[in-house]
Amino acid sequence: MKKVLFATTALVMTAGVAAAEVAITGEGRIGLRYESDTGYYNDYNEDGVNDADSSWNVVNRVRVKFNMTGESDAGITFGAKVRADQAARANRGDNSSSTVGEVFVSGAYGKLTAGDIDGALEQAVGDLPEVGLSGLDFWNEFAYATSEEVSYVIIDADGIERAVGADASLLYEYSFGNANLYASFSDGYYGNTDVKRDDNVWALGVGYDLGDYTFGIGYENADYTINPFLVEDNDVVTAAFGPIGFDTPSETWGISGGTSWNGITFKAAYLKTSSDEDLLDYAQYGLGMGYEMSNGVGLTAFYRKNDFKNVEVDGRAFGLGASYDLGGGATIKGGIVDSKINFGDEDISNTLADFGLEFRF
Amino acid sequence: MKKVLFATTALVMTAGVAAAEVAITGEGRIGLRYESDTGYYNDYNEDGVNDADSSWNVVNRVRVKFNMTGESDAGITFGAKVRADQAARANRGDNSSSTVGEVFVSGAYGKLTAGDIDGALEQAVGDLPEVGLSGLDFWNEFAYATSEEVSYVIIDADGIERAVGADASLLYEYSFGNANLYASFSDGYYGNTDVKRDDNVWALGVGYDLGDYTFGIGYENADYTINPFLVEDNDVVTAAFGPIGFDTPSETWGISGGTSWNGITFKAAYLKTSSDEDLLDYAQYGLGMGYEMSNGVGLTAFYRKNDFKNVEVDGRAFGLGASYDLGGGATIKGGIVDSKINFGDEDISNTLADFGLEFRF
Amino acid sequence: MKKVLFATTALVMTAGVAAAEVAITGEGRIGLRYESDTGYYNDYNEDGVNDADSSWNVVNRVRVKFNMTGESDAGITFGAKVRADQAARANRGDNSSSTVGEVFVSGAYGKLTAGDIDGALEQAVGDLPEVGLSGLDFWNEFAYATSEEVSYVIIDADGIERAVGADASLLYEYSFGNANLYASFSDGYYGNTDVKRDDNVWALGVGYDLGDYTFGIGYENADYTINPFLVEDNDVVTAAFGPIGFDTPSETWGISGGTSWNGITFKAAYLKTSSDEDLLDYAQYGLGMGYEMSNGVGLTAFYRKNDFKNVEVDGRAFGLGASYDLGGGATIKGGIVDSKINFGDEDISNTLADFGLEFRF
C-alpha cells in the first residue's frame with residue numbers, strides 16, 4: 001500500500017497545542033561532469049611530469065532529508081536535521097558528540113546548535129556563490145578551520161599523517177536589531193576519552209544586514225593551520241596542492257561586504273591567516289555575483305585567489321554557472337570552473353564543467 | 001508525538017500546480033530458510049570431498065523505501081528512488097556516479113534513468129518468476145553483464161582477482177505503439193579518475209506487447225565474461241561454481257516470449273554468450289510459469305539451464321513457489337529450489353527452501 | 001517543495017478496509033556529559049596505577065524512526081520497526097537473519113517477534129529505571145545473555161577472543177488473564193553457514209500484573225557466561241572490568257517485583273547466574289524508584305549490586321536522575337551515576353553525570 005505525503009506547506013495543528021513534526025524532502029540529480037586534470041598536483045610523477053588526464057563522468061545522486069521541528073509550551077523552539085545517508089553517524093552520541101546532522105534549541109537568549117555546523121567566522125563572512133550542478137570541487141568555498149567537514153588529516157611535527165577532528169562543534173547565534181552575533185567552539189576531548197584534542201578551534205563573528213548592504217567580520221583561532229587549497233572530491237575533503245592541514249596554531253581574520261543592484265547581488269570577501277609557522281601565512285579573497293531573472297534564468301559567478309605571503313605559492317579559480325527553473329522542483333544547471341595553482345615556476349591547471357538536471361522533491 | 005502518514009493513494013494538489021512528493025513505503029518479512037549445502041562448490045576440501053552441511057536459518061528483514069516524483073511546468077516528469085539502507089551509497093555523486101538508487105527524467109522523447117538499473121538486454125528479455133519468501137539465491141535470474149549489482153570481482157589475465165564495476169549505468173527507454181526500445185551503457189571511467197574502465201558494457205533491446213503475447217530480443221556487449229552461475233547470498237553476488245567473471249570480452253544475444261492462458265502466464269527465454277575465450281562460451285535458457293487465483297493463492301515455477309559449449313560444465317535449477325494473500329499487505333510465502341551443477345563427472349547439488357510471512361506497508 | 005507530515009495520532013482509513021502505515025518519528029538531544037574515569041579498569045597501566053583522567057563532552061544525537069503497522073483481512077496484526085541508522089543492517093536477511101530492527105506478527109495465538117529483541121528473562125524480570133540524558137553507560141540495566149546487543153567478543157577455552165552473536169533472536173509472547181508468558185531463543189547457525197553457534201541462548205519468563213503489584217520470574221540458558229559488568233559506550237557493548245563474556249555455559253534465574261504508592265513506583269530484582277566454571281558464579285540485584293509529578297517534574301533512582309560468589313569481585317552503582325517536561329516534546333534531563341568495582345583490595349570508581357535537552361518529534 002502506497003503512502004503519499006501531502007504536498008503542502010501548511011502545518012495542521014490545533015490552536016494552542018504545541019506540536020512537533022518530521023518533514024521529509026528529497027533531492028536528485030542526473031548529469032555529466034568533465035575534469036581536465038583529475039589529479040591536480042597529485043598526478044605529478046617521479047620525473048616531475050604531470051601525467052594526469054581528463055575524464056567525463058555521469059553524476060547521479062539521490063538524497064532524503066529529515067527536518068524535525070518543535071516548540072515547547074513556553075515558546076522555545078527546537079529542531080534537528082539529518083539526511084538518511086548521515087543517519088548512522090548522527091546516531092552516535094551516547095557519550096560523545098555526533099559530527100553530522102544538527103540539533104538546535106532557540107529562545108529569547110539566542111540559538112544554540114550542535115553537530116555539523118559552519119563556524120562563527122564562516123557564518124559572518126561566508127563563501128562565494130556556488131556554480132554548476134555538482135559543486136565543481138567547491139572552489140567557491142573558502143577554507144575555514146571550523147568546517148562542516150571536521151575530519152582532517154594533518155602532518156604533525158614528526159611528519160606523520162594523523163586523522164584530526166571528528167568531534168562536533170557548537171554554534172551560538174544571537175540577533176539584535178540588524179546585527180547577528182556568532183560564537184563557535186569545538187568539543188574539547190577526542191570521543192569519550194581523557195585525551196585533549198590539540199586541534200581545537202574557536203571563532204567569533206558578527207554580521208550586519210542593512211537592507212541594500214550586508215557586512216560581516218570575524219576571527220578564528222585554531223590549533224592547526226588549514227590548507228587554503230582544500231577541495232571536496234566525492235564528499236571527501238582533499239587538497240588540490242599539499243596536505244590538508246599543518247600542525248601549527250593559526251589565527252584568521254576575515255571581512256566581507258555585499259550589495260544588490262537591479263536584482264544583481266555582489267559580494268566581496270577577504271581572509272588573512274597568520275600561522276605560528278611564517279611560511280604558512282596566506283590570504284584568501286574573492287568576488288561573487290548572482291542574478292535571478294524573472295523568466296527563471298539564474299546566473300552566478302565568482303573569482304577567488306589564494307596567496308601565500310612568504311613562499312611562492314598562489315592560486316586562483318574562476319567560476320561561471322547558469323540555471324533555468326523548469327518549475328515543479330526541476331532545474332537545468334550547468335557550470336564551469338577554471339582553477340590554476342602556481343608554485344615556484346610550475347603551473348597546475350584544472351578545468352571542471354558540468355551540466356544536467358537537479359530535482360527537489 | 002507520533003506522526004501518522006495518511007494511508008491513501010490520492011494525491012492532494014491544487015489544480016494546475018505541479019507538485020513534487022516523497023512517498024514512503026516499507027517491507028518486512030519473517031520466516032525460516034533451509035539450505036542443504038551452504039557452500040555449493042566452494043565447500044569441497046583438499047581431498048575433493050564435499051564436506052558442506054545443511055543449515056536452518058531465521059530470515060527476517062526490514063526495509064524502508066523512498067519514492068520521489070515530480071513534474072515540471074512543461075509536463076516533464078522526473079523522480080528518484082532510494083531505500084534507507086542504500087542512502088549512504090546513493091549520496092555519492094559529487095563528481096562520480098552512484099550505483100544504488102535511481103534518478104530518472106521522462107518526457108516525449110523517452111525516459112532516461114541513471115543508477116542501479118537493469119541493462120537493455122535484461123529489460124527486453126527479462127528473468128524467470130521468483131519463488132519463495134527470500135529469493136532462494138535468485139536462481140530464477142539469468143546472469144547479465146549489466147546487472148543491478150555492478151560490483152564484481154574478476155580474474156584478470158594474470159590470474160589476479162580485481163574488483164570491477166561500482167560505477168553507475170544509464171538506461172534509455174522509448175515506447176511507440178506496442179514496442180519498447182531500450183539502450184544502456186555503463187560509465188566510462190572509474191570513479192572520478194582518468195582511468196578508463198576495461199569493464200564497459202553496452203546493450204540494446206526491444207520488447208513487444210501484443211496483448212496475449214509478449215516478445216523480447218536484445219544484445220549485450222561486455223568487456224568481460226560474466227559467470228552464468230551467479231547467485232546472490234545476503235546481498236552479495238557470488239558464484240555457485242567458479243569466479244564471478246572472467247577478464248575476456250563477450251557478446252550475448254537473448255530472446256524471450258510469453259503468453260497467458262486461462263489466467264496462467266508462461267514465459268520462455270534463451271541467451272547465448274560468446275566469449276573471446278572459446279572455453280567460456282555458454283547458453284542460458286529456461287521456462288517460467290505464474291498463476292494468480294482469485295481466492296488469493298498464487299503459484300510460480302521455473303526451470304533453468306546453464307550449458308557451457310566447449311567444456312563439460314552445465315547446471316540446472318528447478319523452482320516452485322506458492323503464496324497466499326492475507327489482505328492488508330500480508331502474504332504467506334514459501335518456495336523450494338533444487339539446483340545441480342555438473343562439471344566433468346562431478347555433481348554438486350543444493351536444495352533451498354523457505355517459508356514465512358511477507359509484509360508490505 | 002516542503003512536505004509536512006500532519007501531526008496527528010488519528011488514523012485515517014475507510015471503515016472495513018485494512019490498511020498499512022509507515023509512521024515516522026524522530027529524536028534529538030543536546031547536552032554535556034562528564035566522566036571522572038574514562039577507562040574504568042582498562043586504564044590501569046603496567047605498574048598497576050590508574051592513570052585515567054576525567055573528560056567533559058558535548059553529547060548531541062539525532063535519530064529517525066520508522067514504525068510500520070498493518071492488519072490482515074482476518075485481523076492478524078503485523079509490523080516492523082527500524083531506525084534510519086539501522087537501515088543497512090536491517091536489510092540483510094536474504095538468507096540469514098538481521099540483528100537490528102524488529103518484525104512481528106500477532107494474533108489470537110500470541111505474538112512472534114524476530115530481530116533485535118530482549119530475551120524472555122529480561123522481558124519478565126526487566127531492568128532498573130534509566131537516569132540522565134544519555135543513559136550514563138546504562139548501569140541501570142542488568143547483564144542478560146540474550147540482549148539487544150547480540151554481538152559479543154568472548155574469550156574461548158584457548159584464551160582467544162572471538163566475536164560471538166550477530167544473529168537474530170526470536171521472542172514469543174502470549175497473554176492470558178493477568179499473566180504474560182515469554183519464550184525466546186537465538187538462531188542456530190552463524191549467518192548462512194553450516195557452522196553451529198556455540199553461543200545459543202534460550203529463555204522462558206512469566207510476568208503478572210495485579211494492578212498495584214507486578215511480579216516477574218524467568219530462566220535463561222546460555223552456551224556462554226555473560227560478564228555482569230557490561231556497560232554501553234557509544235553503542236558498543238564493553239565491560240567496565242574483564243572481558244565481555246566467557247566461553248562456559250551458564251544458567252540464570254531471576255525474579256522481580258514492583259508496586260506503586262502515592263504515584264511513586266518501586267521495583268526490586270534479583271538474578272543468580274550459575275556457570276559451569278564455578279569461579280564465574282555471580283548474583284545481580286537492585287532496587288529502583290520512579291516518580292512522575294503532575295507539574296512535569298520526574299525523578300528516577302536506582303541502586304544495583306553485582307557480587308561474584310567464589311572470587312573477590314563485586315561492584316555497585318547508584319544513580320539519580322531528574323527531568324522536567326517543557327511540553328511539545330522537549331524535556332530537560334540530567335543525571336548522575338556513581339559506580340565502584342572492588343576486586344581483591346583494589347577499588348575502581350567512575351562517576352558519570354550529564355545534563356541537557358531531549359527532543360521528541
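Since the structure is predicted, the reported quantities are computational estimates derived from the model, not experimental observations. Protein chains get the first letters and strands the later ones, always in sequence-line order, with residue 1 at the start of each.
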Query raised in the report: With A:Y34, which residues qualify under ring-ring contact (aromatic ring centres under 6.0 Å, His included), at least two apart?
Result: A:W56
Query raised in the report: Under a 4.0 Å N-O cut-off, is there an ion pair linking A:K333 with A:E358?
Result: yes
Report summary line: Heaviest contributor of heavy-atom pairs below 4.5 Å to chain A, chosen from B:V103, B:T113, B:V105, is B:V103
**Report entry** Portion of A:L357 that has a non-hydrogen atom of chain B nearer than 4.5 angstrom
**Finding:** side chain
Query raised in the report: A:Q86 versus chain B, heavy atoms under 4.5 Å apart: side chain, backbone, both or neither?
Result: neither
Query raised in the report: Quick one: does B:S106's side chain have a donor or acceptor within less than 3.5 Å of a partner on B:K111's backbone?
Result: no
Report summary line: Whatever's closer than 4.5 Å to a heavy atom in chain A on B:K65 counts as neither
Report task. Return the set of residues passing side-chain contact (heavy atoms from CB on, under 4.5 Å) with B:N180 (not counting sequence neighbours), or none when no residue passes. Result -> B:S175, B:Y182
